[in-house]
Each structure stands twice: as structure tokens, then as C-alpha cells.
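Below: one structure, written as C-alpha cells.
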Amino acid sequence: MNVLLIERGEYPGSKNVMGGVLYRKMMEDVIPEFWKEAPLERPIVEQRFMMMDKESAVTVGYKGMEWGQEPYNNFTVLRAKFDQWFAGKAVEQGALLVNETVVLECIVENGKVVGVRTDRPDGDLYADVVVLADGVNSLLAKSLGFHKEFRPDEVALATMEIIKLDKKTIEDRFNLEENQGTTIELFGDATKGILGTGFLYTNKDTLSLGVGSLLSGLIKHKIKPYELLEYVKNHPMIRPYIAGGEPVEYLAHMIPEGGYKSMPKVAGNGVLVVGDAAQLVNAIHREGSNLAMKSGQFAAEAVLLAKERDDYSEATLNHYKTRLMSSFVGQDMKKYKDSTHHFDKFPQYFDKYIPMVNKAASQMFTVDGSSKWEKQKKIWRDVGTAGEKFKLARDAYRAWKVMK
Ligand SMILES: Cc1cc2nc3c(=O)[nH]c(=O)nc-3n(C[C@H](O)[C@H](O)[C@H](O)COP(=O)(O)OP(=O)(O)OC[C@H]3O[C@@H](n4cnc5c(N)ncnc54)[C@H](O)[C@@H]3O)c2cc1C
């Protein structure tokens with residue numbers, strides 16, 4: 001097949017933003033044993049989850065040496081480096097990469113997408129099929145009427161910094177050996193209690209620190225995204241990890257978080273939509289790159305089938321949608337279809353229960369001469385009235401229901 005890859009940035013990776021966790025399995029399905037040559041930062045051997053209050057945090061996590069050995073579980077990457085290498089692999093296989101070129105619109109003839117109009121002189125290009133992989137906003141899918149303007153409660157805005165720090169200092173601070181990495185997901189006070197998350201990931205000689213919230217939350221609380229990042233950087237639970245580090249890059253990007261209910265039409269006559277453009281992000285598990293890769297792979301399979309049949313109609317290309325929705329991608333999108341909306345509607349999970357868990361932990365672990373029975377009773381009393389206890393039980397049940 002003749003494949004043309006169009007990128008508006010100076011090079012692939014120049015416009016892409018990611019906290020940085022790349023999942024081994026989906027990448028390996030595309031390029032076996034990629035870790036032997038890809039520019040990766042660190043294999044992750046530890047994943048922590050920090051539920052933060054203003055001056056405390058309850059942390060849970062898992063560290064396993066099996067993740068530090070081949071074939072590994074996942075890795076941190078810096079997209080500016082990784083994407084260049086990845087696109088290079090496509091070029092090695094015969095794809096033609098054209099950078100610094102913006103696709104302005106799809107060319108539609110007789111109800112079928114037949115190519116794209118670019119911002120280059122004589123920039124119309126014709127193709128049997130166009131795969132739209134233009135990211136979260138997907139103006140191209142929108143112009144085809146595949147989706148409407150997204151609402152502020154369907155999209156998160158994240159800001160992040162890459163902070164330079166000596167390699168040895170990173171390993172000491174995070175209790176790591178060489179070629180081992182840690183990810184820490186941050187909840188609660190990281191976003192000042194509004195729905196969203198933060199992250200702190202270890203790279204070779206930098207840290208990636210970021211925070212993101214639904215646009216609706218930022219608007220409602222009148223918080224600017226960079227204020228949240230400054231807040232996290234100065235938080236007493238985070239400050240010591242980044243102390244002495246020098247910010248070398250500042251990035252901001254949107255994340256599609258509307259889930260299954262926000263997915264656009266993904267196949268039409270002569271056109272397919274993949275990755276963030278198809279809203280394929282599992283916000284609960286911070287997965288996006290792997291869903292993008294898998295959807296790209298399914299799209300390629302559908303195109304091969306269409307070529308075999310010499311039929312690029314929606315009917316044949318819909319094979320992509322069938323494959324996508326029956327795979328883990330579609331299944332996970334359905335599983336969490338109500339989760340973002342639920343946590344957005346009921347902010348108490350973030351602004352009330354996380355501080356409550358912190359307070360309970362502090363009481364339980366402070367040795368002050370009272371018995372553990374007394375402590376448990378006090379913690380239970382502090383939950384509040386019978387009505388508030390009922391609400392807590394109801395919210396726990398609701399959370400289980402939207403996540404089960
Ligand atoms: C702060 C942050 C942290 C994240 N952390 C993680 C993580 O740890 N793990 C994970 O798996 N996912 C993570 N994600 C999600 C992940 O980054 C995305 O799901 C993934 O990048 C989607 O890939 P994509 O190719 O569909 O879109 P993008 O990576 O957005 O790529 C779209 C590309 O299309 C180009 N483009 C757009 N419009 C045009 C046009 N008109 N013409 C030409 N080119 C165009 C852009 O320049 C860009 O290169 C994170 C996202 C953010 C913002």
C-alpha cells in the first residue's frame with residue numbers, strides 16, 4: 001500500500017504531550033522487542049497512588065522486580081524523542097512522512113472522503129482512504145459531522161513540566177536502581193479537590209510532573225491550569241521530590257475524558273477515526289497511547305480488507321468499528337462509560353472523602369495513649385450524623401457501580 005503520513009509539527013512528537021507511560025503490550029504488537037532499540041526512559045517497577053490532603057497523603061502502591069525485566073510492563077517515554085523514532089519505523093516500512101503540513105479539511109465527493117486539502121501550494125492529495133489521527137479536538141472529524149463541539153465536562157486540560165535532575169538524585173529519591181522507574185498518580189488536593197489527577201514520573205535524568213482537570217471544574221472553580229501546576233510543585237508531599245530541579249520544558253494539552261458516550265462516528269465512506277480523535281482515552285487508568293495504537297492497528301486491518309475487496313465504503317470500513325468495540329478498547333470504554341460524569345457530578349469523592357481518609361489515617365497512626373478501639377470509634381463519629389454515614393455508604397456503592 002502507498003501510505004502518506006501528514007504531520008503539522010516540525011517532526012512527529014513536536015506537538016504531542018503525554019505524562020509519559022507507554023504500555024509494552026500494544027507497542028510490542030506493532031514492533032516486537034521494541035525496547036531493544038526505542039528511545040525509552042525507564043521501565044516502571046513501581047506504581048504508587050497518592051491520595052493527598054493539604055499537608056498529608058495516604059499512599060498505596062506496588063513494586064515488583066518482575067517489571068524490571070524483559071519483556072517489562074510499561075515504560076516512561078518523552079514523546080518528542082519517542083515519536084520521531086516510531087515514525088522513522090513507519091518510514092523504514094515504506095510510508096512517506098511529510099512534516100510541517102496542516103490538513104485543512106477532507107475532500108468529499110459524492111458523499112465519500114477522497115482525500116485531504118493541505119496548507120501547501122497545490123496541496124490537495126487524493127487517497128482511497130483517509131485515517132484521521134488528528135488528536136483530541138479532531139476538527140477534521142467535526143467538519144465531517146462525526147461529532148459536535150465538545151462540552152467542558154468532556155475534556156480535561158493538563159499542564160506539565162519536565163524537570164531536569166541528576167540521574168543519581170532521582171534514583172536516591174525514588175529508591176530506584178539503574179534502569180528502574182516509578183510512577184506516582186496524585187489525587188485529591190493535587191487538583192485542589194476538583195475532579196482530575198496529577199502525576200509524577202521518573203525519566204532517565206528528568207521528572208515529568210503534571211496535573212489536569214476537567215475544563216468544567218476549572219471554569220466552575222475559576223482556577224487557571226498553570227496555577228494548579230504551581231500549587232502541586234509547592235505541595236509539601238511533592239516539593240522534596242523535585243527540589244533543586246530545573247524546569248526544561250513546559251507543556252499543555254487537552255485530554256478527551258468524555259468516554260464512551262462522547263465517542264464520535266469512527267467509520268464513514270473512505271474515512272476512519274482513531275486514537276484521541278475517536279476520544280479513546282481510559283481516564284481512570286490513564287491509558288490513551290495504547291488505545292491509540294490499537295485503534296490504528298485495527299484501522300490498518302480494515303483498510304487492508306477494503307483493498308482486498310476494492311470497496312472503501314462505510315459498510316466495509318465498519319469492520320474497524322466491530323474490531324474496536326469487541327476488543328479491550330471498546331470493552332473498557334463501555335465499562336467506564338459513566339465514571340467521569342459520576343465523579344464530576346458528585347465532587348465529594350475528591351473534596352470530602354480523600355481528606356476524610358487522610359484524617360482517619362492520621363488518627364489511627366498517631367500514638368497518643370488511646371486504644372485502637374477508641375480511635376476507630378472516633379473516626380466513625382467524625383464521619384458525621386447518621387444521614388452523613390448513609391450518604392458515605394451510598395456514595396461507596398455508587399462508585400463501585402460505575403467502576404465495576
Ligand atoms: C498531560 C497528559 C498526560 C498523559 N499521560 C498518558 C500516559 O501516561 N499514558 C498514556 O497512554 N496516555 C497518556 N495521555 C494520553 C495520550 O497522550 C494520548 O491518548 C495519545 O497521545 C493519543 O495519540 P493520538 O495519536 O491519537 O493523538 P496525538 O498524540 O494528540 O497526535 C495527534 C497528531 O496529529 C497532528 N495533527 C493534528 N491536527 C493536524 C492537522 N490538521 N494536520 C496535520 N497534523 C495534525 C498533531 O500535530 C499530532 O502530532 C496523556 C495525555 C496528556 C495530555
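Whatever order the structure lists ligands and atoms in, that order sets their numbers, starting from 1.
Screening residues 212-254 for ring pair (Phe, Tyr, Trp, His ring centres under 6.0 Å) gives F174-Y241 as the qualifying pairs, with residues at least two apart or on separate chains.
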List below, pair by pair, the N or O atoms of ligand 1 and of the protein that are less than 3.5 Å apart, including the distance to 0.1 Å; reply 'none' if no pair qualifies.
residue  : atom   : partner : partner atom : Å
ligand 1 : 5 (N)  : G19     : N            : 2.9
ligand 1 : 8 (O)  : G20     : N            : 3.4
ligand 1 : 8 (O)  : V21     : N            : 3.0
ligand 1 : 9 (N)  : V21     : O            : 2.9
ligand 1 : 9 (N)  : R286    : O            : 3.3
ligand 1 : 11 (O) : V21     : O            : 3.4
ligand 1 : 11 (O) : G288    : N            : 3.1
ligand 1 : 11 (O) : S289    : N            : 2.9
ligand 1 : 11 (O) : S289    : OG           : 2.6
ligand 1 : 12 (N) : G288    : N            : 3.4
ligand 1 : 12 (N) : S289    : N            : 3.4
ligand 1 : 17 (O) : V17     : O            : 3.1
ligand 1 : 19 (O) : D276    : OD1          : 2.7
ligand 1 : 21 (O) : R79     : NH1          : 2.8
ligand 1 : 26 (O) : D276    : N            : 2.9
ligand 1 : 29 (O) : N16     : ND2          : 2.9
ligand 1 : 29 (O) : R79     : NH2          : 3.1
ligand 1 : 31 (O) : N16     : ND2          : 3.1
ligand 1 : 34 (O) : A133    : O            : 3.4
ligand 1 : 41 (N) : V103    : O            : 3.0
ligand 1 : 42 (N) : V103    : N            : 2.9
ligand 1 : 44 (N) : R8      : N            : 3.2
ligand 1 : 47 (O) : E7      : OE2          : 2.6
ligand 1 : 47 (O) : R8      : NE           : 3.0
ligand 1 : 49 (O) : E7      : OE1          : 2.6
ligand 1 : 49 (O) : E7      : OE2          : 3.3
ligand 1 : 49 (O) : N16     : OD1          : 3.3
ligand 1 : 49 (O) : N16     : ND2          : 3.2

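Partners of K81 under the side chain to side chain donor-acceptor pair (under 3.5 Å) rule, at least two apart in sequence or in another chain, are E41. Qualifying side-chain contact (heavy atoms from CB on, under 4.5 Å) partners for P355, counting only residues two or more places apart in sequence or in other chains: D53.
A donor-acceptor pair is defined here as one N or O able to donate and one able to accept, closer than 3.5 Å; such a pair exists between the side chain of R24 and the backbone of Y72. For T206 (side chain) and I162 (main-chain N/O), no donor-acceptor pair under 3.5 Å exists by modelled atom type.
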Handout entry: S262 and E154: CA distance, side-chain angles, deciding distance, side-chain hydrogen bond (donor to acceptor under 3.5 Å, both in side chains) verdict
Key = CA-CA 7 Å; S262 303; E154 291 178 295; 2.6 Å; yes
